[in-house]
Amino acid sequence: MIKSDIIKKYKTKIKDFNKHSKLYYDKSNPVISDSEFDKLKQEILDLEKNFPYLISKKSISSIVGYKPSKVFEKYKHKVPMLSLSNAFDEDDLKNFEKKIFNFLDNKPKFSYSVEPKIDGISASLTYKNKELVYGVSRGDGKIGEVITENLKTIKDIPKKISSNNFPDDIEIRGEVFIKKKEFIKISDKFANPRNAASGSLRQKDPKETNKIPLNFTAYTYGHISVDNFENQSDFLKALNKWGFKTNGHNKLLNNIDELIEYHEKFEKIRFDLDYDVDGLVYKINELSLQKRLGFTSNAPRWAIAHKFSADSANTKIINIEIQVGRTGALTPVAKVRPVNIGGVVVSNATLHNEDEIIRKDIRVGDIVKIERAGDVIPHVIEVDKSKREKNTKKFNFPIYCPSCKSKTIKEFNLITKKYDAVRRCTNVGFECEKIAIEKIKHFISKEALNIEGLGKKVVEKFWELNLIRKPQDIFSLKYDYIANLDGWGKLSVDNLRNSINKSKIVSLQRFIYSIGIRHIGIENAKIISENLKNTEHFLEIIRTKKFEKFLNIDGIGETQINSLKNFFSNKFNSDIVIQLNSILKIQNPNLKQNGILKDKTFMFTGKLEGISRAEAKSLIEKNSGTTLSSVSKNLDYLVTGDKPTKKKIDQAKSIGVKIISLKELKKLLN
Ligand code: IVH
């Protein structure tokens, strides 16, 4: 059979499979017998095995008939299940520590709880009065699925606790995984052990879960009724006493040198372990420091995952294409001869930017080494110049945008006094087609409006069909027309309409993020929204261009202010915001909770002793207070540290703002 026929055959089978999967798993209403379904599945797996080029992220060998079922009940995690930031080398670790010291504003002594990062999937177990009452998957970190019965089939998970000193109400978290020797037995069905564990856990029928032996290692807690632990290592010991398994390679170390030494050792022995480990997790052992450090929007400040080195392979560059991103960045991507790297077929590798191509002198036709680590996009490590054919030419990076033909520029960075490595299209609005499409993809993405059913591919399709040209078009789609398109039907259109309607209620913070202003990510959007009274206030600032109001609030500097100005200098962009405001129901920011500092505003001047500005601000916010960046009638307290600005104190005095020391602030907080 020729390749195109194989692909055609494969696609038809996948289509059938998806249809029957849906009927079986989501609707619990199969129209073919189980054995017919299994046969179809096996045929697809055989095709993927014989023709590995068929394998992609979405392939059956990654999800197999164990496609997550939508029949599970949803569960909102009491404490979000966040992910970890990654470190790949010593510099990353030093940077991690530096950020901690900056946040704490001193260098307290602490140790690290070092734990192997088992490559499985995390689960949360809630025990009440010593009994397992809820078992939940991580889901998207905020909302998981109730899979209690499936988790109960795992022998490592205690169903009842007999120990005396077990908290009345506690949520224990850990990793569910499959051992290598068990995985080998079913490796024809799953791409890797992680998928095997995930697939098995989310079976509709717990009996199916029970067929694949899974394991559980505990490593942390979510909520806890009596919180009397001082250290992570004490908590790990308690877990053991209560009857949970913890990893035998957990260790307590003191500094980065020791971490690196252990990492090097572990990297060598990891292949001898009977489970997959993809790195080491380092957590600050002292829980009091963990509490002070808290979290950024998606990861704790007090922990990091130090990954093991990646898999790599050699292949040939067939072409170099230029992608245009949402912020106009021109990213060169190497289209390479497909190659299997650690179980995943790679056919694209990023070349990062123009400077990278020049530095490595990467050319079309070159044999290159490509690396892939975890979920990170594969990238070119080096060119094998000994294999370079004669007459190849240096790659000419375009100086005009390949999408809209505008001029491209490399910006000069005033801080580093260097030109950017990235070349950008100078268009900031929607006149550049590629930028516009990327902006719309950003607008609907998970962290923005989160419109399910309107994925990136659909946006591209709708753009092509002229259905969407700007974000607000999403809210006046012609559903009757869409229902007649290939691949669409009444049900899918109803679902799309529902999720679009649902997305109309959005927080101001998400809305600001969703507009896609360069340098205004989730954190900055949060800071901006917290310093606004309501959406009208935001529109007024856009109208009057008084973005300086945000200057010097944590994280907002000249770069962000210039970016806001630049973005809104484009009328198309400001019109989008005005029109979206009349379509969406934008929720006013932060209805503050009833903390001890509710309705009180603070500002700092001078160096505070033993606490960074960032921590002081987060402390005030934790107690429902607000921090301001200038002295005004709205300010209640000016908190002074060492060498305060005289002008601020004088201003505060003249309008009767209370001036207090850090000590007095601490008193207010008890
Ligand atoms: S702590 C907020 N400890 O890594 C703290 N996670 O990238 C995050 N993981 O979803 C959890 N071993 O699935 C923690 N000893 C360990 C871990 C571990 C594996 C996984 C877990 C989590 C992911 C975060």
Side-chain angles (χ1 to χ4, degrees), residues 77-88 92 96 100 111-125 135-145 147 151 154 156-157 171-179 192-198 200-202 214-224 229 231-240 244-253 259 262-263 266 270 273 275-287 289-308 373-376:
H77 295 297
K78 282 196 180 144
V79 180
M81 290 180 86
L82 301 175
S83 52
L84 292 165
S85 324
N86 290 328
F88 295 94
D92 293 344
F96 164 70
I100 288 176
S111 42
Y112 285 105
S113 173
V114 179
E115 303 159 23
K117 186 166 184 293
I118 299 182
D119 199 9
I121 59 161
S122 49
S124 128
L125 309 169
V136 184
S137 70
R138 175 175 184 270
D140 65 2
K142 291 191 183 91
I143 293 175
E145 288 168 333
I147 46 168
L151 284 165
I154 300 176
D156 297 340
I157 295 182
E171 181 209 337
I172 287 170
R173 292 177 179 180
E175 204 75 357
V176 175
F177 62 100
I178 181 168
K179 290 197 176 162
N192 55 43
R194 187 167 193 272
N195 285 332
S198 157
S200 164
L201 248 197
R202 300 175 75 205
L214 294 175
N215 305 271
F216 181 78
T217 296
Y219 47 66
T220 193
Y221 57 85
H223 71 270
I224 186 164
F229 290 96
N231 300 308
Q232 163 73 1
S233 50
D234 292 346
F235 181 72
L236 290 172
K237 278 184 208 142
L239 279 170
N240 272 152
F244 292 87
K245 286 199 173 152
T246 54
N247 194 291
H249 296 276
N250 290 345
K251 217 174 163 65
L252 209 53
L253 295 175
L259 296 181
Y262 191 59
H263 191 265
F266 209 92
R270 74 168 166 133
L273 300 176
Y275 46 86
D276 265 351
V277 174
D278 61 348
L280 293 173
V281 182
Y282 306 145
K283 298 175 184 167
I284 290 197
N285 193 38
E286 286 71 12
L287 295 177
L289 287 180
Q290 285 192 10
K291 276 191 197 113
R292 278 183 62 191
L293 286 161
F295 301 84
T296 63
S297 47
N298 50 21
R301 288 193 187 88
W302 43 264
I304 197 155
H306 189 182
K307 293 296 192 82
F308 292 130
D375 296 334
V376 185

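No experiment lies behind these values; they were computed from the predicted model shown. All ligand and atom numbering here is 1-based and tracks the order in the structure.
Of all the atoms in ligand 1, the ones that sit under 4.0 Å from a non-hydrogen atom of P300 are 2 (C). Atoms of ligand 1 lying under 4.0 Å from at least one heavy atom of I118, given by number and element, are 12 (N), 19 (C).
Between R202 and E145 there is a salt bridge, with a side-chain nitrogen of the basic residue lying less than 4.0 Å from a carboxylate oxygen of the acidic one.
Considering backbone and side-chain N/O atoms, K283 comes within less than 3.5 Å of an N/O atom of ligand 1.
A donor-acceptor distance shorter than 3.5 angstrom exists from the side chain of Q290 to the backbone of I284, with no hydrogens or angles considered. Put simply, the side chain of R138 never gets that close to the backbone of A123: no donor and acceptor are under 3.5 Å apart. Of the possible donor and acceptor atoms, one in the side chain of N285 sits under 3.5 Å from a partner among the backbone N and O of S233. Side-chain atoms of T220 do not come within 3.5 Å of backbone N or O of R173 as any donor-acceptor pair.
Of the protein's heavy atoms, E175 OE1, 3.6 Å lies nearest to atom 20 (C) of ligand 1. The single protein non-hydrogen atom nearest to atom 10 (O) of ligand 1 is S122 OG, 3.4 Å, given as residue, atom name and distance. With hydrogens left out, the protein atom closest to atom 15 (N) of ligand 1 is E115 OE1, 2.8 Å, a heavy atom. The protein non-hydrogen atom at the shortest distance from atom 4 (O) of ligand 1 is K117 CE, 3.2 Å. For atom 22 (C) of ligand 1, the closest non-hydrogen atom on the protein side is Y219 OH, 4.1 Å.
Within the 4.0 Å heavy-atom cutoff, A303 does not count among the residues contacting ligand 1.
Aromatic ring orientation, F308 versus H263: tilted (interplanar angle from 30° to 60°).
Among L280, L84, I121, L236, the residue whose heavy atom lies nearest to atom 24 (C) of ligand 1 is L84.
Counting heavy atoms from C-beta on, the side chains of H306 and F88 never come closer than 4.5 Å.
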